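In each ligand, atom 1 is the first atom listed, and ligand 1 is the first ligand listed. Every value quoted in this text rests on a predicted model; they were computed, and no experiment measured them. This chain uses plain numbering: 1 for the first residue, then up along the sequence. Basis for what follows: all heavy atoms, side chains included, without hydrogens, waters or symmetry-related copies.
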Amino acid sequence: MTDAEIPRTGALSILARCDELATFSTLPDGLIRRVYLSDEHRAVNELAGRWMIEAGMSTWQDAAGNQCGRLEGRTPGLPALLLGSHLDTVPSAGRYDGILGVLIAIAAVDRIHTSGLDLPFALEVVAFGDEEGTRFGRALLGSRALAGTFDPAWLDLTDENGTSLRDAYTAFGLDSDRLGDAARSPASLVGYLEAHIEQGPYLEEAGHALGIVSTIAGARRFAITVIGHAGHSGTPFDRRHDALAGASEIIGLIERTAREAGLIATVGHLEVYPNAVNVIPGRVELSLDLRAEFDADRDAVWHDLSDGMTAICERRGLTVSTRQTHGAPAVACSPRLREAIARGIASTEHPEPLLLLSRAGHDGMAVADVTDVAMLFVRCRGGVSHHPDEHVLECDVAVATDAFEAAVRALAAPPAPALPTATPAAPPTATP
Ligand code: HGY
Ligand code: MN
Ligand code: MN
């Protein structure tokens, strides 16, 4: 097929656009890293904006740097059904996490616009600029601004170069004093639907292409610092206060405690000081990402871990300090919107979809503060994500786009007329 013959809203085109967006990266050799308020972010906003215009939308970049598009409903100014996901990435990312959801949303609006469907609400696509939190450590900055829950104290967050979030907005051409302009009112929204790769193995194990998210797990992230005494590597063991040996015990405690509680916890970042082969580490900084379906379970494990870390450090003559760097409560997806997604999936002859907990976080956790949310999951190979090997099948992207479009149509369809309540037939009159 020539390019001209590839349908703009088909899976092949969506995958080609994922490949095109993947080229906007600060990493060499085809690896992907694209962070909030960067030149790469600006470039993908412009590209996504062009695709939104092609799909019939008017476009703007909101005060938080989210790229937005809008297709009016039957009359201008109606509340909008939000569709979307995020365009930022983790370091050495895959090319579908977030990106696929933005492009499926654009394709669904394009198809609906082309069909001339009479829409009782507006459709908006939002490409969030910072779901991962890669640059400033706190996630969901773009979606928190849209939800009106952005904390101005976050403007003092700094990136690895010491640039503050405030200065990054300015460099991006935004005015951080106007962030409030990005906030949407509940009355202006009908709900939020997001398509996203599962980032887990369960759809593939079930032989399903699509699934529906029941709950998005709540997360808390921490920076943990263990302080000991740096010293000569000739020091006898009984005179050491080794921060790395203590941190290693803590990492084992984290895995054991979370596993026993049925939660998930990850130590993804570790820095050792002074980081020399013949010096006992005097300071270690590590991260903790703790998630659970229920916030109370997560918080109980954090309480146990805090006690356990203190005990390890007291025994070793170390000190430990912790600072929470990110927190987002678990979010139950809206039954109303889940039903629409289920109807969308049913229209594709896909088998009865699985209902899955999302252990990955998503922008829907922030958007849920201002409107109902629901998510469509798409199978990804081996459940691999946050890795260059992230992969989706063209046929799965095709059925996901069909289902997502059908879910929007299901919400736009007039409610089925209430069946007349059966009135008991009058008893037959006795015939003469
Ligand atoms: O961390 C997460 O779960 C998401 O990918 N940001
Ligand atoms: Mn991610
Ligand atoms: Mn994501």
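Taking a cutoff of 4.0 Å between a charged side-chain nitrogen and a carboxylate oxygen, Glu131 and Arg34 do not qualify as a salt bridge. For the pair Asp299 and Arg220, the salt-bridge criterion is met [side-chain N within less than 4.0 Å of a carboxylate O]. The residues Arg381 and Glu390 are annotated as not salt-bridged, no charged nitrogen and carboxylate oxygen being separated by less than 4.0 angstrom. A salt bridge links Arg8 with Asp110: the closest approach of a Lys/Arg side-chain nitrogen to an acidic carboxylate oxygen falls below 4.0 angstrom. Salt-bridge formation is detected for the pair Arg409/Glu405: a Lys NZ or Arg NE/NH1/NH2 atom is positioned less than 4.0 Å from an Asp or Glu carboxylate oxygen.
Using a cut-off of 2.8 Å, one finds that His386 contributes an N/O/S atom close to the Mn ion (ligand 2). Residue side and main chain included, Asp363 places no N/O/S atom under 2.8 Å of the Mn ion (ligand 3). Residue contacts to the Mn ion (ligand 3): His362 brings no N, O or S atom closer than 2.8 Å. At least one N, O or S atom of Asp97, from either the backbone or the side chain, sits less than 2.8 Å from the Mn ion (ligand 2).
Just one of Leu83, Thr371, Asp372 meets the side chain to side chain contact (heavy atoms under 4.5 Å, CB included) condition when paired with Tyr192; it is Thr371. Checked options Val397, Leu15, Ile14; the residue passing with Tyr96 is Leu15 (criterion: side chain to side chain contact (heavy atoms under 4.5 Å, CB included)).
Taking every heavy atom of both residues into account, Thr59 and Gly49 meet most closely at CG2-O, 3.6 Å.
Cation-pi contact between Arg144 and Phe150: absent, since separation from the ring centre below 6.0 Å together with deviation from the ring axis within 45° is not met.
For a threshold of 3.5 Å applied to N or O pairs, the pair formed by Ala360 and ligand 1 contains no separation below that value. Inclusion of Glu132 in the set of residues having an N or O under 3.5 Å from an N or O of ligand 1 is warranted. In terms of N/O distances under 3.5 Å, ligand 1 is approached by His386.
When non-hydrogen atoms are compared, ligand 1 lies under 4.0 Å from neither the backbone nor the side chain of His362.
Here His196 contributes NE2 and His86 contributes NE2, and at the Mn ion (ligand 3) these two atoms make an angle of 110°, given to 10°.
If you check which protein heavy atom lies closest to atom 1 (O) of ligand 1, you get Arg291 NH2, 2.7 Å.
Here the N, O or S atom of Glu132 that is nearest to the Mn ion (ligand 2) is OE2.
The Arg221 neighbourhood of ligand 1 comprises atoms 1 (O), with distances under 4.0 Å to a heavy atom of that residue.
Under a 4.0 angstrom heavy-atom cut-off, Met365 registers as lying outside contact with ligand 1.
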